A.B. asks: 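Pasting a structure here, questions to come.
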Number of protein chains: 2
Amino acid sequence: MRYDTEHKQRTHEKVVQEAANAIRQHGPDKIGIASLMSKLGLTHGGFYAHFNSKDDLVAEAISHMFEDRMEAFRKCLAGAEPAEGLASYIDLYLSIRHRDRRDKGCPVASLASDIARMPLVARKRFEVGIQHLTDAFTDVLKILDKPQPEILAASVVAEMVGAMTIARAITNSDLSERILDTARRNVKERVGLANT
Amino acid sequence: MRYDTEHKQRTHEKVVQEAANAIRQHGPDKIGIASLMSKLGLTHGGFYAHFNSKDDLVAEAISHMFEDRMEAFRKCLAGAEPAEGLASYIDLYLSIRHRDRRDKGCPVASLASDIARMPLVARKRFEVGIQHLTDAFTDVLKILDKPQPEILAASVVAEMVGAMTIARAITNSDLSERILDTARRNVKERVGLANT
DNA sequence: ATAATTATATGATACCGATCATGCTAAAGC
DNA sequence: GCTTTAGCATGATCGGTATCATATAATTAT
């Protein structure tokens, strides 16, 4: 039925977006092509007009997730002092909302243990994404004149990812919140930010 | 064929052990009952004489993993000064060997993102296990007279888990090792241990 | 020796997933 | 108005999985 020229491109984008959310929520193995397409009002058959395989889709989706994240990071920094911007990103990352919304959050935390089991195409996208994010973090620490900004960034990013992983594992809500709270204070102190 | 009285118990144990390794290596969804049993020279049918369901097995396997870990922790502390013992556990955790042997390593790092998607029975086992491990960590920090040992323990455990997660995600071996190295130095410094 | 029992094996069922060959439909181009 | 075509739908295949009913063989109890 001859849609306009960009129709297919838009559909493609929507599939990737939906996949990015579903993969973070349920893991790369538990999302079926059929259920994914049906969420967009489409059927499973058309899928292979857009992607060569499911692995292809997963790889694209991963890049999409990291783009989302970089945008969130930039949004925190925009229109604020670097220190304040960094603090707001830390608060955002270690928030209850982020804990409870895996589908929209950091792919490293959402897919931590899946990465190592993924096909190489997907792993490469991950590697690039992680690098970009820690580099961005490092840049801000440089502006703040922290010594050894790369090392501090690596350490702090690790703590943030680990704390979110553990907070999501804990079913006891109070305990889980305490872990996030602790991490928030720790991380901010370690990067030399006042605790709010 | 009427084996001796403990035969079934031993088989049960072996299944759990094998499952604990396979689950850490490949994730809870990618281990089939059939392939698991065949690794022990058995077939898939007998499985349900030992477990009510796969979920049951997974839950048992998780507890088994944490018991393994507690033993590793105790082994590091045994026959050494608390400070030295702690340092050796940190070195062990953030080692290349641990990175490359997910099947025998820390379940939190191996199954990070799987936990949140697991059935409640499994999540409860996880919760208990994490609590025990951080408590054990806290105890050592108390002996070392660290201020706020609980908070420091939570922070340091989070960094260790996060660093291992990221190190495993990175395919570039040099970069991955650098991340582990950085984390080792950071963590030891933060708990007041000399860097070796 | 025979019967009962126990750990495991065999085989079947039912379901779900990725992938692919082919069909349909409506607009584009003539 | 007819043909072509792009985007998607239908329907089938194939492989994998958990689960369960039933069979088998080796012991032990009688």
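Atom set for the values below is all heavy atoms of this structure, side chains included, hydrogens, waters and symmetry mates excluded. All figures in this text were calculated on a predicted structure; none of them were measured in a lab.
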A.B. asks: Please report the distance, rounded to the nearest Å, between NZ in B:Lys8 and P in D:dT27.
C.D. replies: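 Interatomic distance, NZ of B:Lys8 to P of D:dT27: 18 Å.
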A.B. asks: Salt-bridged, A:Lys30 to B:Asp114, with N to O below 4.0 Å?
C.D. replies: no
A.B. asks: Take atom CE of B:Met37 and atom P of D:dT19, then tell me their distance rounded to the nearest Å.
C.D. replies: 13 Å
A.B. asks: Check the surroundings of atom CD in A:Glu81: do more than 12 heavy atoms from other residues, nucleotides or ligands lie under 6.0 Å from it?
C.D. replies: no
A.B. asks: Give a yes/no on whether any side-chain N or O of A:Thr11 is located under 4.0 angstrom from OP1 or OP2 of D:dG7.
C.D. replies: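 Indeed not, no polar side-chain atom of A:Thr11 lies that close.
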A.B. asks: Classify the nucleic acid contact of A:His50 as base, sugar-phosphate or nothing, counting any heavy atom under 4.0 Å across all strands shown.
C.D. replies: sugar-phosphate
A.B. asks: Would you call B:Asp91-B:Arg97 a salt bridge at under 4.0 Å N-O?
C.D. replies: no
A.B. asks: Rounded off to whole Å, could you give me the NE2-to-P distance for the B:His26 and D:dG16 pair?
C.D. replies: 15 Å
A.B. asks: Heavy atoms only, 4.0 Å cut-off, all strands: where does A:Ala49 land among base, sugar-phosphate and nothing?
C.D. replies: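 Counting heavy atoms under 4.0 Å across all strands, no contact is made by A:Ala49.
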A.B. asks: What pair of heavy atoms forms the shortest contact from A:Cys76 to A:Leu92, and how long is it?
C.D. replies: SG-CD2, 4.1 Å
A.B. asks: Check the distance between C:dA9's P and B:Leu40's CG and give it to me in whole angstrom.
C.D. replies: 10 Å
A.B. asks: Rounded to the nearest angstrom, tell me the gap between atom CG in A:Leu42 and atom P in D:dC8.
C.D. replies: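 To the nearest whole Å, that distance equals 6 Å.
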A.B. asks: Would you check if there is a donor-acceptor pair between the side chains of A:Ser63 and A:Arg125 at a distance under 3.5 Å?
C.D. replies: yes
A.B. asks: Quiz question: by atom type and distance under 3.5 Å, do the side chains of B:Thr138 and B:Glu150 form a donor-acceptor pair?
C.D. replies: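 Short answer, no.
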A.B. asks: Do the charged groups of A:Asp181 and A:Arg184 touch, with an N to O distance under 4.0 Å?
C.D. replies: yes
A.B. asks: Nearest whole angstrom, please: distance from the P of C:dT8 to the CZ of B:Phe51.
C.D. replies: 11 Å
A.B. asks: A:Ala163 and A:Ile179: which non-hydrogen atoms are nearest, and at how many Å?
C.D. replies: O-CG2, 4.0 Å
A.B. asks: Rounding to a whole Å, what distance do you find between A:Gln9:CD and D:dA6:P?
C.D. replies: 15 Å
A.B. asks: Can you tell me which stems DNA chain C forms when a stem means 3 or more consecutive Watson-Crick or G-U pairs under 3.5 Å?
C.D. replies: C:1-30 with D:1-30
A.B. asks: I'd like to know if B:Glu159 and B:Arg190 make a salt bridge, using a cut-off of under 4.0 Å between side-chain N and carboxylate O.
C.D. replies: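 Between B:Arg190 and B:Glu159 there is a salt bridge, with a charged N closer than 4.0 Å to a carboxylate O.
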A.B. asks: Scan nucleotides 17-22 of chain C nucleotide by nucleotide, 5' to 3', and note B when protein non-hydrogen atoms come under 4.0 Å of the base, S if they reach only the sugar-phosphate, - if neither.
C.D. replies: -SBB--
